[in-house]
There are 2 protein chains.
Amino acid sequence: MKPTSHGQLTSSRLDATFAALADPTRRAILARLASGEASVAELAEPFAMSQPAISKHLKVLERAGLISSGVDAQRRPRRLEAAPLAEANAWMEKYRQFWEANFERLDAVLEELKTLEATEPTTRRKKK
Amino acid sequence: MKPTSHGQLTSSRLDATFAALADPTRRAILARLASGEASVAELAEPFAMSQPAISKHLKVLERAGLISSGVDAQRRPRRLEAAPLAEANAWMEKYRQFWEANFERLDAVLEELKTLEATEPTTRRKKK
DNA sequence: TGGTTTCATAACCTTATGGTTATTTAATGG
DNA sequence: CCATTAAATAACCATAAGGTTATGAAACCA
């Protein structure tokens with residue numbers, strides 16, 4: 001794919017963060033790291049997946065800045081670096097009103113359904 | 001890719017949401033829709049991209065539940081359905097302490113740098 | 001009716017993603 | 001030194017993702 005092209009200049013961090021979070025294995029790895037640093041083998045243990053596959057996932061997380069790597073003998077313990085989540089969270093905050101509104105609207109709809117019957121008999125709106 | 005396999009049963013919604021958010025074009029589309037519903041042509045206008053490409057992005061957003069489609073003559077106006085962001089936000093909340101802690105730690109580090117010099121002379125930790 | 005507008009779909013291409021096995025590198029401990 | 005352990009890297013494969021152009025379908029309007 002061509003490099004972004006259309007503008008949206010500084011989005012690559014968010015791209016990487018959201019993309020990293022889009023995989024359940026990687027989210028599980030982050031969950032594990034939330035309870036303390038762990039070696040690659042330890043991180044791989046719960047998964048029916050080869051060690052190199054886990055290493056790839058770790059690389060994705062690392063490139064997104066969500067984890068970092070230490071050195072302990074042959075081990076390369078990973079630890080959580082949740083800072084990029086702050087940016088992702090900031091992005092989501094802009095939409096908070098919408099999903100909160102949606103829940104309110106759902107409540108309203110449920111309330112409406114108790115009291116009122118069919119109002120618009122298959123209204124076919126024309127033009128705008 | 002095999003179907004998840006390892007567990008994490010109900011993650012596909014989150015997968016779809018985060019994956020949808022991982023593209024700057026799609027985030028820009030959501031931003032546009034935050035100021036009201038819009039036709040496909042209107043959504044496509046800011047981008048140096050063909051209309052089918054935009055339609056594909058819309059399909060991704062739709063499958064993630066982030067937008068929905070209406071009918072108005074030939075137009076198929078899309079509107080924002082931010083509800084899936086609630087789930088994503090809930091997921092991130094679990095890590096809030098970590099990225100907030102990171103900022104606090106950064107503050108602490110900056111504070112430390114003002115007062116103290118080299119403490120650990122190239123400490124090479126052995127074993128655990 | 002028939003042309004125009006609006007969008008979706010199909011077919012195709014290229015690159016990215018997620019996995020595999022096999023091999024290499026690095027550091028430890030005897 | 002050498003065998004072992006831990007993880008990275010390479011090479012490969014199948015499928016998904018993001019784009020293109022060309023075509024089709026549905027609803028309007030003159």
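Every chain is numbered from 1, with letters handed out A, B, ... down the list of sequences. Predicted, not measured: the structure shown is a model, and the values here were computed from it.
- In this entry the distance linking CG of B:Asp72 with C1' of C:dT6 reads 11 Å, nearest Å.
- Across A:Asp15 and B:Pro24, no two heavy atoms sit closer than the pair OD2-CD, 3.4 Å.
- For A:Arg76, the listed nucleotide lying nearest its side chain is D:dA7; candidates were C:dT28, D:dA7, D:dA27.
- Distance B:Leu43 CG to C:dT6 P: 14 Å, rounded to the nearest Å.
- Here C:dA16 presents its C1' atom at 14 Å from NE2 of A:His57, a figure rounded to the nearest Å.
- Taking atom CG of residue A:Asp23 and atom C1' of nucleotide D:dA17, one finds them 15 Å apart after rounding to whole Å.
- The phosphate of C:dA8 (OP1 or OP2) has a side-chain N or O of B:Arg78 nearer than 4.0 angstrom.
- Ion pairing between A:Glu62 and A:Lys59 fails under the 4.0 Å rule for side-chain N and carboxylate O.
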_Walk me through whether B:Asn89 and A:Tyr95 qualify under side-chain contact (heavy atoms from CB on, under 4.5 Å)._
CA-CA 10 Å; B:Asn89 190 72; A:Tyr95 298 90; over 6 Å; no
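- Side-chain proximity of A:Gln74 to C:dA27, D:dC28, C:dG19: nearest is C:dA27.
- Of the candidates C:dT9, D:dT9, C:dG19, the closest approach to any side-chain atom of A:Lys56 belongs to C:dG19.
- Within the 4.0 Å cut-off from OP1 or OP2 of D:dA7, not a single side-chain nitrogen or oxygen of A:Lys59 is found.
- Straight-line distance from the CG atom of B:Asp15 to the C1' atom of D:dA17: 15 Å, rounded to whole Å.
- The listed nucleotides are C:dG18, D:dT20, C:dT28; the one nearest the side chain of B:Met49 is D:dT20.
- There is no side-chain donor-acceptor pair under 3.5 Å between A:Arg76 and A:Ser69.
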*Where do B:Leu66 and B:Leu33 land on the side-chain contact (heavy atoms from CB on, under 4.5 Å) test, with the steps shown first?*
CA-CA 10 Å; B:Leu66 286 163; B:Leu33 290 177; over 6 Å; no
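- A:Arg75 places its CZ atom 10 Å from the C1' atom of C:dA27, with the value rounded to the nearest Å.
- Two residues, A:Arg26 and B:Glu62, neighbour DNA chain C, and the one matched to the more 5' nucleotide by heavy-atom proximity is B:Glu62.
- Remark: the backbone N or O of A:Leu61 is not paired with any side-chain donor or acceptor of A:Arg63 at under 3.5 angstrom.
- For the pair A:Ser39 and D:dA7, the criterion of a side-chain N or O lying under 4.0 Å from OP1 or OP2 is met.
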Could you go through nucleotides 21-24 of chain C and list every protein N or O atom that sits under 3.5 Å from one of its N or O atoms, giving the distance for each pair?
none

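- Looking at A:Arg27, its side chain does come within 3.5 Å of a backbone N or O of A:Leu21 through a donor-acceptor pair.
- Between the CG atom of A:Leu61 and the P atom of D:dA8 there is a distance of 12 Å, given to the nearest Å.
- Rounded to a whole Å, the CZ atom of A:Arg27 is 12 Å from the P atom of C:dG18.
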